[in-house]
Amino acid sequence: LVLRMLRRPKPTDSEADLLREQEQFLVSGAPSAANVVRRPDKRRGEAGGEAGDQNRGSEGDQRDVVTIEDLPDQLPSLTPAPPKKSRFKGSRVTFEDDDAEERLDRHDIHISAVLSRIVERDTSSTPVNLPAFTGMAFPKVLHRSETGNQVPLSLNGGKKSIFARQIAAQRIKEGKTPLEKHMPPEIISGPRLISGQGLAGPNSSGETTRIHRENQAKLQAMSESEIIEEQKKLLSQLDSRLVEFVRSRKAQSVLSSASSSKQPEGSFPLVNRDSDSSSAAALFQKPKVEMEAEEKELPLQPAVTEEDLPVKPQKEWVHMDKLEPEKLEWMRDLPAPRRKGTKKAMQARFDFAGNLIPPTEDLPTHLGLHHHGEEPERAGYSLQELFLLSRSQVIQQRSLALSTLANILTKARAGEYLSVLKGSVMSTLLDAGLLFLLRFALDDSVEGVMSAAVHALKALLVCEEEEECLDCTFSWFRGLSTFPLLPSAQEEEDEEDEGLDESMKETAKEKEERKSDHEVARQDVVKGLLKMKLLPRLRYMLEVIRPSPRVVQDVLDVLTRIARHSSSSATQVLDCPRLMETVMCNFLPTSWSAPSLPQPHTVHGLPLASAMKLLRVLAASGRHACARLLNSLGVSERLSCLLIDIFKDLYPALVKTLQSVHQALAPSDPLLPLQLHRILALLSLLTQVTHTAGCHQELQAGMASSQGEDCPPPPPVSWSHVTGLQTSLLGHLKSFVKSLDNSLQKQSSLTLIPAYLVYLEAYYHQLSKQSCFKPVEALQELEHLTSEVLLPLISHSAVQGLIKNIKSSSVVCNVQSSHLGPDSIPSLPGLACPGWRDRPGLVVPSSPFPLLSGLGLLLKTIMGIHKVFLLCLTFSSTPVIGYLRGCSQATPTLSHTRAWLLRHEHLVLYLLLELAHRLVPIDPEVAKHASLYHQVALVLLPWLLPGSEYLAHELLSTIIFKGHSGGPEAIELEELKLHEETQHHPFPSLQTVGTILREACIQLPSIRGCFLTHLAHLESSVLVSRDAFLGRNPWINSHLLPELTGPTLPSDWPFLPLVSLYERMGVSDGGGLAVEELPPGALPAVTHCLQWLLLLEIWREDALKVIPPVAKLARLSCMFLCSSDLFLERPVQNLIWGLFRLLTRPSKLDSLDLNIPPPGLASFQDLYSALLAQYEAVSFGDRLFGCWVLLPLQRRYSTAMRLAVFGEHVGMLRSLGVTLEQLGIPMERFTSPPEDSLPLLRLYFRSLVTGTLKHCWCPVLYVVALSHINSFIFSQDAAAQEVEAARHSMLRKIYYLTDEVLRNHLLLFRLPYQHSEFGFDMYEQLPPIRAKRLESILGLQDS
């Protein structure tokens, strides 16, 4: 008998192997290698030895059984005790049908995963130190008082006990290295984290040094960007706590090594001043300057010694026996400015003149620019430091800081910091509280500080170049009129007023009074200053303090800027107690003596031009303000030369002044600019007097007819008082035209000629209204004026040279100007004039616009008198045509910085168009460009600003709706063009566009009347603008133009009748009214509006380019929403069909983006939801309405609109019977790319399977749904599990459909094809790939 020895289990054995070995062991009957021996319990009296063994043998393999009497079958309830919860139970998920054995196998952890490799620590290289031998019997006891025998903390590598430090000091004294981490210098330069301990081998430290050197060599071979990239990669992979630990270890090692190497030399570390600046940054946001230079570390300076001190310490001085280098650091010389090697933003510093000091510039200290604690090596003062100095106790520091801030503000307004500083200096200063700082400084008791504050306030509010520009345009036509310098209106939502009645809501004035000074100043700087009681303080300075001439000039400039702000601000200036009286008495006296010095010490009692300018600005703010100045404030006594009732007394003086004009204009005279301004002001005065005298007869007749009711009284000056001036001024104009040949006088003549032309226009315009007007003599006089003055002037080479500059000087054509604008802020609008002399523009001497405006006005007036007057103002010349083409393509922006110049250019454009309109029928050369003139007129109309409503009315009345703008030739060309297009795209509705166009041209007068009727709400503004444009001075209430809130007409004005009807009826009545219930004239108004839109879309498409295509579609959608059956009217439907075809041309579909919100709407989806509801309610299956609803369902638009159709409004699919031919849009735009929205695909599938969507009801969407479902179920693209399951489910359901036709359509769909029976092409049978996929999915289901 041979017994086979059983093998021992191995770690690689599986559970099955162990079970098999166990069965073999039990079958073999071999004795077990270990026996369980149960020892007897002597406490129970059990015997041991053999008896015990026999007992065990009798019991066999039976186990001990513990029995407890009266034990219940069920466990007692433990409800009072809290249930025990396992921490890991929530993370384990078990199922009822899981096998317990398999679950144990999954959670079993092998012993190899528990035990890791155990490596013993290598102690072969660890030195063994024996205790030092001493002659004493016992070691000496170490006391705490013996601090000299301790190693310093920096050398001991951190915090150690006193005993350990004494032991280390003793070992150093004996010449041995300490046991602690006091490593030699060569080890310190090695790795800081890994010491090499524990490595096997005798040279473990050398191994770590070698690895460290390899790392250093590899780092040196890498570029900086590669190092940064690897560092970021490591930081992203490592634990944040580990990174912090490594950084702290490195900081400790660097600190200990630095202290150990530098401390013995007696020096001290430099103070890092960056921490101080971080706290200051929270108080004040500093403008930053970008500099790029080389990085140079500053060498450490030697320690301060006793020899370096200017005063040697004496022994008897208390606490001066010990030298403290940290406290003596300030006595060192300033270090050189640090050069930055990166574009890191640095704090901006300025000198006392406001110049920005580069951070690398090393200036001497005697300039006084280093007296600050932060960054002492850099010269100059930061804005924060200037703010602190302005509140200093030292008077000189306050004055110097305010003067420096004034210089900085002046340069900031000039735009000198834009290229070197980040952010806006003006905004930073105002946000930091500059207004309050200046207002506090004005209350100072020291005159010098107040003067500096006034100068800074003037630098903030007033730009001298802006005032110079306004002075240059003062003699232009309507140059006296200006826009109020109000900030752009910002709509504020007041939650407290929501839901309240109108009578209970706060008024704007009450809300303004409730705001704090800071809130008001943040929105409007001038209003904030007025709320801070600035005017009484300025009056106190002028009246009591009587400052220097410069401060007086600054105060008057500030008052002028406040008066320009608005009419209410001008009224506050007049209402301030004794302010204007002080100005009148001190600076506009009735008598004075000439000062003995050229620059007197005081200007009180002397007339000042700035005070006169202040009066003029105040008077221009309104008729009431002007009356207060004349009657209440004594202006009539001091400025009698401005009063019209003594014009007869001034007549000899005026004639004498006019006769001396040529004698005064000497080219070499240094006072030539002042003399030119004097002459221009005199001509402006005569122009306004002529206009006023021309109204005398009309006012006298009106007073007689109305018996003085609602009619201003006639002025004291009549037409007979101004008749004799025309001959003298005409002679001056002739001489100035002749002097154009003189190069020395050419520029002066070109400056004065426009003012003479404006005067002549006023004279002849008023002459035609007088009872003494003689037409024959006037015609002869005009012909004489034309032949001797106007024709030589227009044909002169100097004038032609100016006209060549028309496009370069234009503001409209040069929207994207290359020059940097000034530093402006919304709360303090300006005119953006700094540097205007150095760049092309309307005001520079090379600009032709002043001359063109004067010529245009005069020619327009002459052509109104002389009906057959023929004079072509070079309308067909190349510069003018190029300028008009540039205007037709321009899109100027609207702001205060451009509006004051844009209105002058708009006037020139209007005059050019008006004169060309009169010349087109009689001049073939001008008629060649008739379409260009009409295009410019359409573009100009929505540009016109407030105050130009009369020009808009004239354009609408004369040019915009004239029939010759397109002509019958254009209609024939458009018909031929559309006919050619219909050969490739047979759209039946386009065959009637030619007829619709012809009908629209016939209806142009009615269309004009329709639009003028819808603009009737502008009638009052048109009348005010007309009075100003025609010079009806007695009816003008103010020369301050309306607030600049936007153009006079909106850019989408052609849609105005349609939108207004929707706002009246569609919004209030939900679009449910029939045509008969609409207001009278609604149907003709909508028809005329659509006719005009069709004309513009075909003839003047560029005129509507400012309106986005989505806005056009949204505006036209109002036609379906304002009535229940308006779109069913035959003329309306024909016009809408034509507009729909034009909007959906292949060249226009790509630009129709419905994902962007239309102007005035939050999103197009909201409008589309209203269209869907309206279609379900009132469409009756109309094909036009159906096309309108289908257009937004293209694949590239938002899925939400398709979900709305197939979800909320699925019932409309039964009546959406638009065919593919009627839609006229390629089906590829609806079917490509395949749909990826699973909810929408499920809606497609449900509507097809349930029969909601059928080909006979909705052919277009039937093809769309088939295409997307077919692409989805046969797609081979990888997708999420949910999407793949939906594909399988849909394919199985389609296969088992009982509707054979629908199943074949869904499975065999190929491509959309418009000319087939169903609108798509089908496979005869499934392609092999699709068939295989269908079989695999069905096979999975069967299995």
Is it true that a side-chain atom of [X] and a backbone atom of [Y] form a donor plus acceptor pair closer than 3.5 Å?
X	Y	answer
Ser1124	Leu1073	yes
Ser1215	Gly1181	no
Arg1115	Leu1058	no
Ser1123	Met1119	no
Arg885	Gly882	no
Gln1133	Arg1130	no
Gln1194	Arg1229	no
Ser1117	Leu1113	yes
Glu905	Val811	yes
Ser1163	Pro1157	no

Can you see which heavy atom on [X] is nearest to which on [Y], and at what distance?
X	Y	result
Gly1138	Leu1094	C-CD1, 4.1 Å
Leu884	Tyr933	CD1-CE2, 3.3 Å
Ala899	Leu945	O-CD1, 3.6 Å
Cys1187	Val1218	SG-CG1, 3.5 Å
Asp1153	Ile1156	O-CG1, 3.3 Å
Asp1182	Tyr1175	O-CE1, 4.1 Å

Review point. Between Leu1012 and His953, is a side-chain contact (heavy atoms from CB on, under 4.5 Å) present by the stated rule, with each step listed?
Key: CA-CA 8 Å; Leu1012 290 177; His953 180 270; 4.2 Å; yes
Do [X] and [Y] touch side chain to side chain, with heavy atoms closer than 4.5 Å?
X	Y	result
Leu1128	Val1178	no
Leu1004	Ile1007	yes
Trp1053	Leu1015	no
Glu1129	Thr1087	no
Met1212	Ser1179	no
Leu955	Leu951	no
Pro1047	Pro942	no
Leu956	Arg1008	no

Pairing of [X] and [Y] as salt bridge, 4.0 angstrom limit:
X	Y	value
Arg1026	Glu949	no
Asp923	Lys928	no
Arg918	Glu914	yes
Lys860	Glu954	no
Arg1183	Glu1221	no
Arg1032	Glu698	yes

Using 0.5 Å steps for rounding, measure from the [atom1] atom of [X] to the [atom2] atom of [Y].
X	Y	atom1	atom2	result
Glu1097	Leu1090	CD	CG	11.5 Å
Cys813	Lys807	SG	NZ	6.0 Å
Leu1143	Leu1191	CG	CG	8.5 Å
Asp1027	Asn1037	CG	CG	9.0 Å
Leu932	His934	CG	NE2	11.5 Å
Ser948	Leu907	OG	CG	8.0 Å

Review point. Could you go step by step and tell me if Gln1003 and His1088 meet the side-chain hydrogen bond (donor to acceptor under 3.5 Å, both in side chains) rule?
Key: CA-CA 8 Å; Gln1003 295 294 329; His1088 293 328; 4.6 Å; no
Check your understanding: Hey, would you say the Phe1185 and Phe1180 ring centroids sit under 6.0 Å apart?
Key ->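 Judged by ring-centre distance (under 6.0 Å), Phe1185 and Phe1180 do not meet the cut-off.
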Review point. Step by step, would you call Leu1116 with Trp1188 a side-chain contact (heavy atoms from CB on, under 4.5 Å)?
Key: CA-CA 10 Å; Leu1116 290 173; Trp1188 216 265; 3.6 Å; yes
Point to revise | Identified ring pair (Phe, Tyr, Trp, His ring centres under 6.0 Å) partner of Trp1092 from the options Phe961, Phe1055, Trp1099 | key: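 With Trp1092 as partner, ring pair (Phe, Tyr, Trp, His ring centres under 6.0 Å) holds for just one option, Phe961.
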Review point. Relative to each other, are the rings of Tyr910 and Phe1029 parallel, tilted or perpendicular (30° and 60° limits)?
Key: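 Ring orientation, 0 to 90° scale: perpendicular.
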**Study point:** Tyr1168 and Phe1164 aromatic ring geometry - parallel, tilted or perpendicular at 30°/60° bounds
**Key:**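 Phe1164 and Tyr1168: parallel rings.
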Review point. Would Thr861 and Glu761 count as having a side-chain donor-acceptor pair, cut-off 3.5 Å?
Key: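 Side chains of Thr861 and Glu761: pair found under 3.5 Å.
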Review point. Taking everything shown except Gln889 itself, do over 12 heavy atoms lie less than 6.0 Å from its CD?
Key: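 For Gln889, atom CD is crowded (more than 12 foreign heavy atoms under 6.0 Å).
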**Study point:** Stepwise salt bridge (charged side-chain N to carboxylate O under 4.0 Å, His left out) test for Lys1148 and Glu1101
**Key:** CA-CA 11 Å; Lys1148 299 299 178 184; Glu1101 188 178 359; 2.2 Å; yes
Practice item. Run the numbers on Leu1041 and Arg903 for side-chain contact (heavy atoms from CB on, under 4.5 Å), then give the verdict. Key: CA-CA 11 Å; Leu1041 297 172; Arg903 69 182 190 91; 3.7 Å; yes
Exercise for review: Please test Gln935 against Ser931 for side-chain contact (heavy atoms from CB on, under 4.5 Å), starting from the C-alpha separation and ending with a verdict.
Suggested key: CA-CA 6 Å; Gln935 173 77 21; Ser931 60; over 6 Å; no
